[in-house]
Amino acid sequence: VVVFTFCVAPTIISYEPYLFRWDDSAYLLRSVKVSNAVWSGDKRSVVAEIRSNIRPPVMTVLGIPWGPLTSWDAAGKCFVTLNVFTVFFVAVSLFLLLRIGLNPPFFILASVSAFAALGPYPAVPDLEHHWSVGLMADSTFAWIAFAAILLIPYETKTSSTSSTFDDVVHGFFWALILSAGVLTKVTFFYFLGLVVPTLLFIRMRRNGLRSAFVATASLAICSLPAAVYWLRYGLPALRY
């Protein structure tokens, strides 16, 4: 766990000077607009920003926890929000890896590989490290997708016996990860289509139809906010 933490942290957080480009500039601008609209009570502007954006909303709400963003330093707090969000799903992935029982040498090798692929060395701005620590959705999305895939071996390890409460908790846990994914990038629907049927099949085979039904109901109820977003704003924006 210590090796994992030290290897992964530099792929998320950087204290080097940052040069904004096209996509990250657009994310920052929308975050500033949405935050200022929310804190001024301008609901119409918030809805307009969401409707006019073909990207899911996670990257446009980064500034809301910090109040109105009226200075460059205040806008920079969007990095903090994104880092906290990313670290949360790194922690979820770590939890799943530990519960699955990954062999420690392979665990350490995977951690070192992540650092080698996304770490700050060599220090070339155009390599992957710039994007992994930038104001971009890619690094966060990768960890969410990784956590979603890890749900499959996690389910095989933990679904041998279950109660109704356990089924509800599993459905909530699925919804937490999968909802975050579809609210981060449209391409997460690819993982959604692969992971959800697999989880339900494992649940039904190991615990029966009732267990799978309860977990599905919990998943559906907890995923309602993400579903409402896509039905009201996401699909119309994509069609436009």
Side-chain angles (χ1 to χ4, degrees), residues 1 4-16 18 20-21 23-39 46 49-50 53-69 73-97 111 114-115 118-119 128-151 172-189 191-192 195 222-230 233-234:
V1 171
F4 175 86
T5 302
F6 275 98
C7 286
V8 169
T11 71
I12 301 171
I13 300 172
S14 174
Y15 294 94
E16 294 295 322
Y18 186 73
F20 279 90
R21 303 186 184 186
D23 286 345
D24 45 0
S25 298
Y27 283 137
L28 181 65
L29 177 61
R30 287 189 178 275
S31 292
V32 170
K33 286 183 176 181
V34 169
S35 176
N36 292 343
V38 166
W39 285 94
V46 175
E49 283 294 330
I50 294 175
N53 189 11
I54 63 171
R55 295 183 174 105
V58 162
M59 294 297 293
T60 62
V61 299
L62 299 177
I64 293 177
W66 307 103
L69 304 180
D73 287 342
K77 293 177 180 177
C78 292
F79 280 96
V80 178
T81 311
L82 180 60
N83 286 339
V84 170
F85 188 61
T86 305
V87 167
F88 174 78
F89 284 98
V90 172
V92 170
S93 299
L94 176 60
F95 166 78
L96 291 171
L97 287 168
S111 304
F115 177 82
L118 300 174
E128 288 80 358
H129 184 248
H130 174 84
W131 301 111
S132 69
V133 299
L135 196 72
M136 301 287 286
D138 301 82
S139 185
T140 306
F141 172 77
W143 282 107
I144 297 174
F146 183 46
I149 293 170
L150 288 174
L151 284 175
F172 170 77
F173 193 41
W174 300 350
L176 176 69
I177 296 172
L178 300 176
S179 295
V182 298
L183 293 177
T184 302
K185 269 184 176 288
V186 178
T187 46
F188 190 81
F189 279 100
F191 295 94
L192 193 70
V195 171
C222 297
S223 300
L224 276 177
V228 169
Y229 161 76
W230 274 105
Y233 306 114

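Numbers for residues simply follow the sequence, beginning at 1.
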(Q) Less than 4.5 Å apart, side chain to side chain, heavy atoms only: is that true for K33 and T60? (A) no
(Q) So K185 and V58, do their side chains get closer than 4.5 Å, heavy atoms only? (A) no
Q: Return the minimal non-hydrogen interatomic distance between T187 and F141, and the atom names on each side.
A: OG1-CZ, 3.6 Å
Q.
Does any part of the side chain of S139, heavy atoms only, come nearer than 4.5 Å to the side chain of T11, both counted from C-beta?
A. no
Q) Does the side chain of F4 reach to within under 4.5 Å of the side chain of V90, using non-hydrogen atoms? A) yes
(Q) Contact between P57 and L183 at the side-chain level, heavy atoms closer than 4.5 Å - yes or no? (A) yes
Q. So, do L178 and S223 sit near enough that their side-chain heavy atoms are less than 4.5 Å apart?
A. no
Q: Mind listing the closest non-hydrogen atom pair of S31 and L69 along with its distance?
A: O-CD1, 4.2 Å
Q | Closest contact, heavy atoms only, L135 versus F20 | A | CD2-CE2, 4.1 Å
Q. Do the side-chain N and O atoms of S35 and W66 include a donor-acceptor pair separated by under 3.5 angstrom?
A. no
Q: Over all heavy atoms of both residues, which pair between V92 and A147 is shortest? Give the atoms and the distance, please.
A: CG1-CB, 4.2 Å
Q. Should we count CZ of F6 as having more than 12 external heavy atoms under 6.0 Å?
A. no
Q: Provide the closest heavy-atom pair for F85 versus I144 in the form atom of the first, atom of the second, distance.
A: CE2-CD1, 4.1 Å
Q: May I ask you to check whether over 12 heavy atoms, not counting those of F172, lie within 6.0 Å of atom CZ?
A: no
**Q.** Any side-chain heavy-atom pair of L151 and F191 under 4.5 Å
**A.** no
Q | Minimal non-hydrogen separation, L82 against G134, with atom names | A | CD2-O, 3.6 Å
